[in-house]
Amino acid sequence: MDKHKNDEVEIEEVCEEVMEEVVEEQEISELDALKAENEELKKNVDLLKNEYAKAYADAENMKKRLEKEFALQQRYRIKDFALEILPCIDNCERALKVETEDEQYKQGVEMIFRSLTNALKKEGVEEIECLNQPFDPNWMQAMMVEEVEGVEPNTVTEVLQKGYKLKDRILRAAMVKVSE
């Protein structure tokens, strides 16, 4: 019976060793699976970080572009209104050229003219100075060409319609007569 007990003890020890080996193998395979899962998660984190960085950069670029567009829109917001007012200024200038005995009428037109031009100046609208200046096709439109003695060729000799600019952009080109 002792032998039988010894055999049982031996069998139990062998079973325990086998169980320990199986448990160790399971732990190792679970550890390997966890390591693989960890690596996969790290790759996903890196991918998401990259996508986040791209999305953040796109949002920043859009923000900058919109701020720039808004600033330009604010800078030139008066453009359409100024284009509507320029014919009124032209009409005031024509009215001031007419000879009249009615001083009150003339003073009234002058006041309207000054207040319109001052309001536009405050917003950055300025007349393009071109009389006796070299012709500049960026700011002027040549309506007529004539030969004038004593005047250099390509010089503005007469302004047919005043031109205006809004800050650094053309609002309305000046219509001019140019010397040959």
Side-chain angles (χ1 to χ4, degrees), residues 41-180:
L41 290 173
K42 283 181 180 179
K43 287 179 185 175
N44 284 342
V45 166
D46 289 342
L47 180 67
L48 291 174
K49 280 182 181 178
N50 189 27
E51 288 178 12
Y52 170 77
K54 286 179 184 177
Y56 183 79
D58 286 345
E60 285 297 310
N61 288 340
M62 182 181 292
K63 179 182 170 186
K64 288 176 185 174
R65 182 176 50 83
L66 290 174
E67 286 173 350
K68 183 178 177 182
E69 286 175 5
F70 180 75
L72 280 174
Q73 188 178 26
Q74 285 299 101
R75 181 178 172 117
Y76 299 107
R77 73 186 184 289
I78 191 82
K79 178 185 176 198
D80 292 333
F81 178 73
L83 285 171
E84 294 290 325
I85 294 298
L86 291 181
C88 297
I89 291 175
D90 294 338
N91 290 335
C92 285
E93 287 178 331
R94 284 186 204 100
L96 289 171
K97 288 181 182 177
V98 173
E99 293 295 322
T100 182
E101 305 254 335
D102 190 353
E103 282 300 311
Q104 288 181 334
Y105 164 79
K106 192 169 186 162
Q107 286 176 348
V109 173
E110 282 177 357
M111 287 170 56
I112 293 168
F113 176 73
R114 275 195 311 267
S115 56
L116 284 174
T117 55
N118 287 338
L120 288 176
K121 271 185 187 170
K122 286 180 184 176
E123 292 297 326
V125 177
E126 297 176 13
E127 181 183 331
I128 299 170
E129 295 296 328
C130 47
L131 188 61
N132 300 322
Q133 301 291 322
F135 176 73
D136 183 354
N138 297 316
W139 300 98
M140 304 168 200
Q141 183 176 359
M143 302 304 288
M144 300 168 69
V145 177
E146 69 177 357
E147 192 172 318
V148 179
E149 249 183 71
V151 177
E152 286 188 37
N154 221 18
T155 301
V156 175
T157 57
E158 186 179 340
V159 177
L160 304 173
Q161 183 182 41
K162 289 182 179 180
Y164 292 89
K165 61 183 178 178
L166 174 58
K167 297 182 172 107
D168 57 346
R169 290 186 179 176
I170 189 166
L171 194 57
R172 180 176 81 182
M175 293 183 188
V176 297
K177 187 188 293 186
V178 181
S179 65
E180 283 189 80

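Values in this document were obtained by computation on a predicted structure and should not be read as measured data.
- Q74 CD: more than 12 foreign heavy atoms inside a 6.0 Å radius.
- Interatomic distance, K177 NZ to L131 CG, rounded to the nearest 0.5 Å: 11.5 Å.
- For the atom pair CG (N138) and CD (Q141), the distance works out to 13.0 Å, reported to the nearest 0.5 Å.
- Within the model, atoms CH2 of W139 and CZ of R169 stand 10.5 Å from one another, a figure rounded to the nearest 0.5 Å.
- For residues 62-72, the set of pairs meeting the side-chain hydrogen bond (donor to acceptor under 3.5 Å, both in side chains) definition, not counting sequence neighbours, comprises R65-E69.
- At a threshold of 4.5 Å between non-hydrogen side-chain atoms, the residues L120 and Y164 do not count as touching.
- Here the side chain of N50 pairs no donor or acceptor atom with the backbone of D46 at under 3.5 angstrom.
- Around NZ of K121, the count of heavy atoms belonging to other residues, nucleotides or ligands within 6.0 Å does not exceed 12.
- A distance of 10.5 Å separates NZ in K122 from OG1 in T117, rounded to the nearest 0.5 Å.
- Residue A95 comes nearest to Y105 through the heavy atom pair CB-OH, 3.7 Å, listed as atom of the first residue, atom of the second, then distance.
- Here the straight-line distance linking atom CG of N91 with atom CG of L86 works out to 11.0 Å at 0.5 Å rounding.
- Between E158 and V148, the closest side-chain pair of non-hydrogen atoms is not below 4.5 Å.
- We find the CD-OG1 distance between E147 and T157 to be 12.0 Å, quoted to the nearest 0.5 Å.
- Of all heavy-atom pairs between K106 and L96, the closest is O-CD2, 3.8 Å.
- L160 is listed as a side-chain neighbour of M144, based on a closest heavy-atom distance under 4.5 Å.
- When each of K49, K43, K42 is tested with V45 by the rule side-chain contact (heavy atoms from CB on, under 4.5 Å), just one qualifies, namely K49.
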Take R172 and Q161 through the test side-chain contact (heavy atoms from CB on, under 4.5 Å) and record every step on the way to the result.
-> CA-CA 10 Å; R172 180 176 81 182; Q161 183 182 41; 3.2 Å; yes

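- A donor-acceptor pair is defined here as one N or O able to donate and one able to accept, closer than 3.5 Å; no such pair exists between the side chain of T155 and the backbone of S179.
- The number of heavy-atom neighbours closer than 6.0 Å to CD of E60, taken from other residues, nucleotides and ligands shown, is above 12.
- Two residues are said to be in side-chain contact when any heavy atoms from C-beta on lie closer than 4.5 Å; D168 and Y76 meet this criterion.
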Test log, rule side-chain contact (heavy atoms from CB on, under 4.5 Å), inputs E93 and K162 | CA-CA 10 Å; E93 287 178 331; K162 289 182 179 180; 2.4 Å; yes

Tell me, with the steps shown, if L83 and L171 meet side-chain contact (heavy atoms from CB on, under 4.5 Å).
-> CA-CA 7 Å; L83 285 171; L171 194 57; 3.8 Å; yes

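- No more than 12 heavy-atom neighbours from other residues, nucleotides or ligands sit within 6.0 angstrom of NZ on K79.
- Residues V109 and C92 share a closest heavy-atom pair of CG1-O, 3.7 Å.
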Kindly determine whether L66 and M62 satisfy side-chain contact (heavy atoms from CB on, under 4.5 Å), including the steps that lead there.
-> CA-CA 6 Å; L66 290 174; M62 182 181 292; 3.9 Å; yes

